[in-house]
Amino acid sequence: MDRFRRTRFNPHLRSLVRETHISVNDFIYPLFVRPGEGIKTEVSSMPGVYQMSLDEILKECELLQSLGIYSILLFGIPEVKDSVGSDALCDHGIIATAVRAIKRAYPTMFVVTDLCFCEYTDHGHCGILDHVHESVDNDLTLGISAQQALVHARAGVDMIAPSGMMDGIIGTLRDALDGGGYPNLPIMSYSTKFASGYYGPFRDVAESVPSFGDRSTYQMDPANRREALRESLADEAQGADILMVKPALAYLDIIRDIREASNLPLAVYNVSGEYAMLKHAGNAGLIDYNRVMMETMIGFKRAGADIIISYHAKEVAALLH
Ligand code: PBG
Ligand code: ZN
């Protein structure tokens with residue numbers, strides 16, 4: 001008789017036959033930088049996640065490296081927001097300043113910047129509004145995105161991650177970077193990004209709730225599987241170096257689809273609402289937090305992810321130690 005369970009009795013053998021592994025090297029940890037000094041404000045919807053001033057960000061980088069985390073995804077919350085997101089277009093804006101300081105203090109930190117306008121605009125949308133103020137003007141936004149990419153590049157960023165889902169953004173940024181003297185700077189595209197309720201807590205921390213409407217004219221309908229694939233493959237064709245699925249938990253089938261359709265590296269964004277659900281359930285004693293967290297991370301890798309962007313990264317790193 002066939003004994004499928006035979007390999008499960010011995011813990012050593014269980015680990016020998018394990019098909020999926022997670023490592024601290026799989027993770028990118030998101031950080032939120034804001035102006036000021038000595039500021040470290042916890043976000044109530046996301047216990048353990050903070051808005052930090054640059055001095056606190058630098059201390060955090062020290063801690064991250066001590067845990068073995070050498071990749072961060074940086075978001076900026078500017079002092080002043082306006083209709084076009086000027087702070088994001090300035091070499092002395094919050095992100096450019098932060099990237100310079102981090103790379104100076106921690107040259108071995110791999111710094112990725114989120115490239116979008118929703119944290120910088122007073123209306124909270126991911127680009128410049130169209131003339132009827134109904135939604136974002138795609139092509140006008142492409143123009144300023146190219147400027148923004150060069151701001152990040154000049155500051156010394158290691159990789160840019162455009163998250164606004166504008167059509168043609170990858171080709172536009174690739175041309176801008178190549179033309180600007182940065183042909184080796186990689187682009188991780190938020191290539192398949194759904195219009196999701198799971199971003200709720202993020203918009204608290206990034207102070208980027210749209211003042212009207214929603215993002216469904218530029219982000220994807222959660223019901224669409226073929227379109228999800230089309231979006232990622234279009235970004236691959238335009239020169240994306242890494243693709244992404246976001247959110248992660250409700251979209252494991254999409255991760256698998258893209259993994260099978262593309263040979264590019266694939267990232268998943270384990271978003272704010274997903275983090276908040278586990279965190280609050282854990283704090284309420286409803287689940288074994290560490291166990292559920294690790295099981296979730298294994299699920300992402302098993303589905304086909306190479307890279308996991310997660311607010312859990314520090315806790316995962318500590319457990320893997
Ligand atoms: C900005 C951006 C968002 C997230 C990452 N980049 C929010 C949004 O699109 O509304 C969400 C991340 C999270 O929920 O953790 N475009
Ligand atoms: Zn945005």
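Numbers here are sequence positions counted from 1.
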Can you get from Y29 to Y70 by hopping between Ile, Leu, Val, Met, Phe, Trp and Tyr side chains that sit under 4.5 Å apart? no
Give the cluster check for I94 versus V84: same hydrophobic cluster or not, with ILVMFWY residues linked at side-chain heavy-atom distances below 4.5 Å. no
For residues L129 and Y218: do they belong to one hydrophobic cluster (side chain heavy atoms under 4.5 Å, members Ile, Leu, Val, Met, Phe, Trp, Tyr)? no
Quick check, are the ring centers of F117 and H125 under 6.0 angstrom apart? no
To the nearest 0.5 Å, what is the distance between CG on L63 and CD1 on I69? 8.0 Å
Under a 4.0 Å N-O cut-off, is there an ion pair linking E207 with R34? yes
Take S262 and E236, measure what side chain to side chain contact (heavy atoms under 4.5 Å, CB included) needs, and give me the verdict at the end. CA-CA 8 Å; S262 170; E236 172 167 8; 2.8 Å; yes
For the atom pair CZ (R291) and CG (L319), what is the distance rounded to the nearest 0.5 Å? 13.0 Å
Using 4.0 Å as the upper bound for N to carboxylate O, is an ion pair formed by D253 and R225? no
Geometric cation-pi criterion, K81 with Y120: 6.0 Å, 45°: no
Find out whether P47 and N283 are in side-chain contact, i.e. whether some heavy atom of one side chain is under 4.5 Å from a heavy atom of the other. yes
Within the 3.5 Å criterion, strictly below it, is a donor on D235 or S191 matched to an acceptor on the partner's side chain? no
Parallel, tilted or perpendicular, judged at 30° and 60°: which one describes the rings of F202 and F75? perpendicular
Are I77 and I39 connected in a single hydrophobic cluster, I mean Ile/Leu/Val/Met/Phe/Trp/Tyr linked by side-chain heavy atoms less than 4.5 Å apart? no
On a heavy-atom basis, the closest approach of L252 and L249 is CG-O, 3.7 Å
Can you name the closest pair of heavy atoms from C118 and G124 and give their distance? CB-O, 3.4 Å
Ionic contact status for D306 with R259, cut-off 4.0 Å: yes
Near E260 CD, under 6.0 Å, is it more than 12 heavy atoms from other residues, nucleotides or ligands? yes
Check the hydrophobic clustering (I, L, V, M, F, W, Y; side-chain heavy atoms under 4.5 Å; chains of links allowed) and say if V292 and V316 are grouped together. yes
For the atom pair CZ (R18) and OG1 (T7), what is the distance rounded to the nearest 0.5 Å? 11.0 Å
Determine whether S272 and V205 make a side-chain contact, defined as any pair of heavy atoms from C-beta on separated by less than 4.5 Å. no
Less than 4.5 Å apart, any side-chain heavy atom of I187 and any of M159? no
Does T113 form a side chain to side chain contact (heavy atoms under 4.5 Å, CB included) with V99? I'd like the steps, not just the answer. CA-CA 8 Å; T113 45; V99 170; 3.6 Å; yes
Does a donor on one side chain and an acceptor on the other come within less than 3.5 Å for Y106 and E62? yes
From CA spacing to verdict: salt bridge (Lys or Arg N to Asp or Glu O under 4.0 Å), R174, D178: CA-CA 6 Å; R174 189 68 270 158; D178 292 352; 3.0 Å; yes
Between D26 and K301, is the salt bridge (Lys or Arg N to Asp or Glu O under 4.0 Å) condition met? List the steps. CA-CA 9 Å; D26 300 330; K301 299 262 344 239; 3.0 Å; yes
Taking atom CD of E227 as the centre, report whether more than 12 heavy atoms of other residues, nucleotides or ligands fall under 6.0 Å from it. yes
If you measure from NZ on K59 to OG on S53, what distance do you get to the nearest 0.5 Å? 8.0 Å
State, with a plain yes or no, whether a side-chain heavy atom of V33 is found less than 4.5 Å away from one of T97. no
Between I144 and L89, is the side chain to side chain contact (heavy atoms under 4.5 Å, CB included) condition met? List the steps. CA-CA 7 Å; I144 57 169; L89 302 173; 4.1 Å; yes
Closest contact, heavy atoms only, M293 versus L278: CA-CD1, 4.0 Å
Please name the pair of heavy atoms, one in V49 and one in Y275, separated by the smallest distance, quoted to 0.1 Å. CG2-CE2, 3.8 Å
Do I169 and L142 make a side-chain contact, defined as non-hydrogen atoms from C-beta onward lying under 4.5 Å apart? yes
Assess whether side chain to side chain contact (heavy atoms under 4.5 Å, CB included) is satisfied between I258 and T192, documenting all intermediate values. CA-CA 9 Å; I258 296 175; T192 294; 3.6 Å; yes
Which residues end up grouped with V132 if you chain together Ile, Leu, Val, Met, Phe, Trp and Tyr wherever their side-chain heavy atoms are less than 4.5 Å apart? none
For F194 and Y251, take the angle between the two ring planes, folded into 0 to 90°, and tell me which bin it lands in: parallel under 30, tilted 30 to 60, perpendicular over 60. parallel
Taking salt bridge (Lys or Arg N to Asp or Glu O under 4.0 Å) as the cut-off, I'd like each qualifying pair that reaches into residues 271-280, sequence neighbours left out, listed once. K279-E315
Side chains of Y289 and H312: do they bring a donor and an acceptor to under 3.5 Å? yes
For R226 and D257, what are the C-alpha separation, side-chain angles and deciding distance, and is it a salt bridge (Lys or Arg N to Asp or Glu O under 4.0 Å)? CA-CA 9 Å; R226 291 190 303 267; D257 284 343; over 6 Å; no
Which pair of heavy atoms, one from P247 and one from S196, lies closest together, and at what distance? CG-OG, 3.3 Å
For N263, I'd like to know if atom CG has over 12 heavy atoms of other residues, nucleotides or ligands within 6.0 Å. no
At their closest point, which heavy atom of C126 faces which heavy atom of C116, and how far apart are they? CB-SG, 3.4 Å
